[in-house]
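Input: a single structure, listed below in structure tokens.
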Amino acid sequence: MTIERVAIVGLGLIGGSVGLAVQQMLPGMATTGWDADADVRQRAAGRRLVGEVCDTVAQAVRGADLVILCVPVGAMGYAAEAIAPHLEPGTIVSDVGSSKRSVGDALAAALPNAIVIPAHPVAGTENSGPDAGFPELFRHRWCIVTPGKDTPPDAVDALTRFWEGLGATVEIMDAEHHDLVLAVTSHIPHLIAYTIVGTASDLEDVTRGEVIKYSAGGFRDFTRIAASNPTMWRDVFLSNRDAVLEVLGRFTEDLSRLQRAIRNGDGDTLFDLFDKTRTIRRSIIEEGQDDARPDFGRGDH
């Protein structure tokens with residue numbers, strides 16, 4: 001199975017980056033795109049995010065070998081229903097969402113004649129919209145692909161080659177396991193960031209604006225994370241609620257233990273935790289996952 005024509009539904013940061021990356025790294029592949037927002041379509045056309053920005057979703061997906069849904073996870077089912085009448089049987093339909101089990105179920109229900117292969121490129125920035133995309137976004141990043149047990153292997157291979165062609169490293173994973181892993185590595189950290197920035201905002205009157213004025217590196221990092229697209233993250237938490245609640249329960253227990261250690265003056269417990277977390281940071285650096293810039297800021301060196 002080969003992919004010669006790709007349709008991208010949703011032309012924000014991820015969809016736009018996919019379109020630009022295909023044109024740069026897979027130049028023989030045709031690209032079409034569509035977005036529900038007419039202004040986004042106009043801006044996408046101005047930036048030439050895809051070969052052709054279409055006026056309707058039907059025009060965009062007609063004749064495509066691969067359709068990638070780059071919309072918030074809460075809108076995946078609606079997007080799938082919109083494209084269903086216009087797909088040829090056997091078309092590969094994938095996505096870029098941060099939760100996989102609920103998305104896979106929604107796509108499979110709406111697209112019985114398509115080959116549904118959910119995927120998640122683990123890449124992004126705090127920016128969003130058609131002006132935020134860039135072709136190097138996926139370079140040396142992970143893309144997790146979560147096919148079902150009955151998915152044709154040649155279709156999985158084709159989607160794997162596609163993402164590898166954009167510079168990503170592909171990992172095949174069970175959808176439920178993906179959701180648990182991402183709850184730990186992405187979803188709960190975002191929830192913590194949103195919470196602490198919200199708490200700081202509530203305290204602004206008490207501190208007379210000094211939280212913002214004297215922000216240290218840690219708080220700045222939280223605000224960067226908390227600046228992410230609110231619609232996307234609302235949908236992520238709702239669609240991955242089971243895994244998020246499971247990990248959040250464990251985190252709450254650990255936070256209570258830390259609270260007791262501080263109250264009781266238990267310096268040994270605090271030191272052991274901080275030493276352990278420093279080791280985790282070193283491991284992330286060793287894995288080359290330590291920088292959010294394209295290619296982790298390393299270029300071709």
Side-chain angles (χ1 to χ4, degrees), residues 14 69 71-77 80 94-109 116-124 126 141-149 151 170-199 218 221-263 266 269-270 272-284 287 289-290 292:
I14 302 297
L69 302 180
V71 301
V73 292
M76 288 290 180
S94 190
D95 75 302
V96 296
S98 184
S99 58
K100 293 274 67 83
R101 187 182 67 174
S102 62
V103 167
D105 290 345
L107 298 187
V116 173
I117 312 177
H120 176 207
V122 187
E126 70 269 28
R141 299 290 181 176
W142 290 101
C143 181
I144 302 173
V145 176
T146 62
K149 291 183 293 185
T151 306
V170 175
E171 178 86 5
I172 306 297
M173 190 179 294
D174 173 76
E176 288 193 20
H177 186 66
H178 165 279
D179 289 352
L180 180 61
V181 170
L182 268 293
V184 175
T185 61
S186 177
H187 304 168
I188 293 299
H190 274 81
L191 190 65
I192 294 168
Y194 281 121
T195 303
I196 191 61
V197 172
T199 300
D221 288 342
F222 277 128
T223 60
R224 178 187 59 79
I225 296 172
S228 299
N229 186 297
T231 300
M232 179 186 76
W233 281 101
R234 176 201 64 192
D235 290 355
V236 165
F237 288 121
L238 293 178
S239 65
N240 196 28
R241 70 183 72 191
D242 291 342
V244 166
L245 290 173
E246 178 181 345
V247 177
L248 187 59
R250 174 61 184 271
F251 173 76
T252 302
E253 293 174 2
D254 291 342
L255 191 62
S256 296
R257 188 174 75 251
L258 184 61
Q259 185 179 30
R260 288 193 300 272
I262 295 172
R263 181 184 298 115
D266 184 357
T269 294
L270 296 177
D272 289 345
L273 173 63
F274 301 156
D275 187 57
K276 177 182 178 181
T277 56
R278 185 171 62 170
T279 300
I280 294 295
R281 172 62 181 175
R282 289 170 179 163
S283 299
I284 289 174
E287 284 289 324
Q289 301 289 316
D290 56 304

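Along the sequence shown, the residues carry numbers beginning at 1. It should be emphasised that the depicted structure is a prediction, and the values quoted were computed from it without experimental measurement.
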Shortest non-hydrogen separation from [X] to [Y] and the atoms involved:
X	Y	result
A80	L107	CB-CD2, 3.7 Å
L69	M76	O-CE, 3.5 Å
I14	A123	CD1-O, 3.7 Å
A226	V197	CB-CG2, 4.0 Å
T269	D266	OG1-OD2, 2.5 Å
G74	D235	N-OD2, 3.1 Å

Are any side-chain N or O atoms of [X] and backbone N or O atoms of [Y], one a donor and one an acceptor, separated by less than 3.5 Å?
X	Y	answer
D179	K100	yes
R241	L238	yes
S102	S239	yes
D95	A119	yes

Return the [atom1] to [atom2] distance between [X] and [Y], rounded to the nearest 0.5 Å.
X	Y	atom1	atom2	result
L258	F274	CG	CZ	6.0 Å
T146	M173	OG1	CE	9.5 Å
D275	T277	CG	OG1	7.5 Å
N240	L180	CG	CG	8.5 Å
L182	H177	CG	NE2	10.0 Å

Exercise. When the aromatic ring centroids of H187 and W233 are compared, is their separation below 6.0 Å?
Worked result: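 For H187 and W233, the ring centres are under 6.0 Å apart.
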
Problem set entry | Candidate list T185, L191, V184, test side chain to side chain contact (heavy atoms under 4.5 Å, CB included), partner I188, passing option |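 Only match with I188 under side chain to side chain contact (heavy atoms under 4.5 Å, CB included): L191.
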
For this session: Return the orientation label for the Y194 and F237 ring planes: parallel under 30°, perpendicular over 60°, tilted otherwise.
Result: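 Perpendicular, since the angle between the ring planes exceeds 60°.
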
Exercise. Hey, is R250 close enough to D254 for a salt bridge, meaning N to O under 4.0 Å?
Worked result: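 Counted as a salt bridge, because a side-chain N and a carboxylate O are separated by less than 4.0 Å.
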
